[in-house]
Asker: 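Pasting a structure below so you can have a look.
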Amino acid sequence: MSLGLDTTTATGKLMLNVLGSLAQFEREMMLERQREGIRTARSAGRYMGGRQPNARRLSARAQELLNEGLSKRKIAAELGISERSVLRPAGIAILHRCGCAVGAGCP
């Protein structure tokens, strides 16, 4: 994109600074409107923030099913989460083929 500004001249530098200032002003106005909208929604009880991810919401149920003896694959299929998400809240280490824990780095 070419604006046709010659930034080697004083006029070109001025124009570039004015455009940058306008962009910054508009960004700050947008954020101010957003904050005001959130404040209004919160006061009306309509703004609650984001939902927890499925795996976190279902971790207690996954733990119950693990305790009942179901396999991680069956639990993951039943709850609609990944096998890793089944084991993470339970604190069970997931191992690589080499035997090291995932994230610990192979020897």
Side-chain angles (χ1 to χ4, degrees):
M1 179 170 119
S2 176
L3 298 176
L5 291 176
D6 181 9
T7 58
T8 60
T9 66
T11 305
K13 289 177 186 176
L14 173 67
M15 287 303 297
L16 194 59
N17 281 317
V18 167
L19 290 174
S21 295
L22 285 173
Q24 181 180 358
F25 171 76
E26 179 55 35
R27 173 77 178 149
E28 289 174 5
M29 291 297 293
M30 182 197 68
L31 291 173
E32 193 175 300
R33 289 189 302 267
Q34 180 184 22
R35 282 190 293 269
E36 180 60 32
I38 290 171
R39 192 171 21 257
T40 302
R42 277 191 177 145
S43 67
R46 287 179 280 148
Y47 186 86
M48 305 297 176
R51 289 183 1 171
Q52 280 188 331
N54 278 342
R56 194 160 294 167
R57 285 186 292 127
L58 298 172
S59 64
R61 179 69 180 133
Q63 185 64 52
E64 289 172 11
L65 294 173
L66 271 174
N67 293 340
E68 291 174 13
L70 264 68
S71 72
K72 65 180 180 184
R73 185 165 287 154
K74 287 182 181 177
I75 295 170
E78 183 177 324
L79 298 179
I81 59 179
S82 71
E83 291 179 32
R84 176 169 281 198
S85 294
V86 170
L87 298 180
R88 188 179 302 122
I92 299 171
I94 302 167
L95 303 179
H96 277 152
R97 281 176 255 140
C98 69
C100 74
V102 171
C106 295

Asker: With sequence neighbours excluded, what pairs up with Arg27 under the salt bridge (charged side-chain N to carboxylate O under 4.0 Å, His left out) test?
Answerer: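 Counting only residues at least two positions away or on another chain, Arg27 forms no salt bridge (charged side-chain N to carboxylate O under 4.0 Å, His left out).
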
Asker: In chain order, what residues pass the side-chain contact (heavy atoms from CB on, under 4.5 Å) check against Thr40, with sequence neighbours excluded?
Answerer: Glu36

Asker: Does Gln34 have any side-chain hydrogen bond (donor to acceptor under 3.5 Å, both in side chains) partners at least two apart in sequence or in another chain, and if so, which?
Answerer: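 Once residues adjacent in sequence are excluded, Gln34 has no partner under the side-chain hydrogen bond (donor to acceptor under 3.5 Å, both in side chains) criterion.
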
Asker: Less than 4.0 Å between a side-chain N and a carboxylate O, is that true for Arg39 and Glu32?
Answerer: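 Salt bridge flag = no for Arg39 with Glu32.
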
Asker: Cut-off 3.5 Å, no hydrogens considered: what does the side-chain donor-acceptor table look like for residues 17-24, sequence neighbours left out?
Answerer:
residue, atom, partner, partner atom, Å
Asn17, ND2, Lys13, O, 3.1
Ser21, OG, Asn17, O, 2.9
Gln24, NE2, Glu28, OE2, 3.2

Asker: Which residues satisfy the side-chain contact (heavy atoms from CB on, under 4.5 Å) test with Glu78, sequence neighbours excluded?
Answerer: Arg61, Leu65, Leu70

Asker: Kindly write out the residues that satisfy side-chain contact (heavy atoms from CB on, under 4.5 Å) with Ser82, not counting sequence neighbours, or none if the list is empty.
Answerer: Arg84, Ser85

Asker: How far does CD1 of Ile75 sit from NZ of Lys72, to the nearest 0.5 angstrom?
Answerer: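 It comes to 10.5 Å.
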
Asker: How long is the gap from CG on Leu31 to CD on Glu26, to the nearest 0.5 Å?
Answerer: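 One gets 10.0 Å once the value is rounded to the nearest 0.5 Å.
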
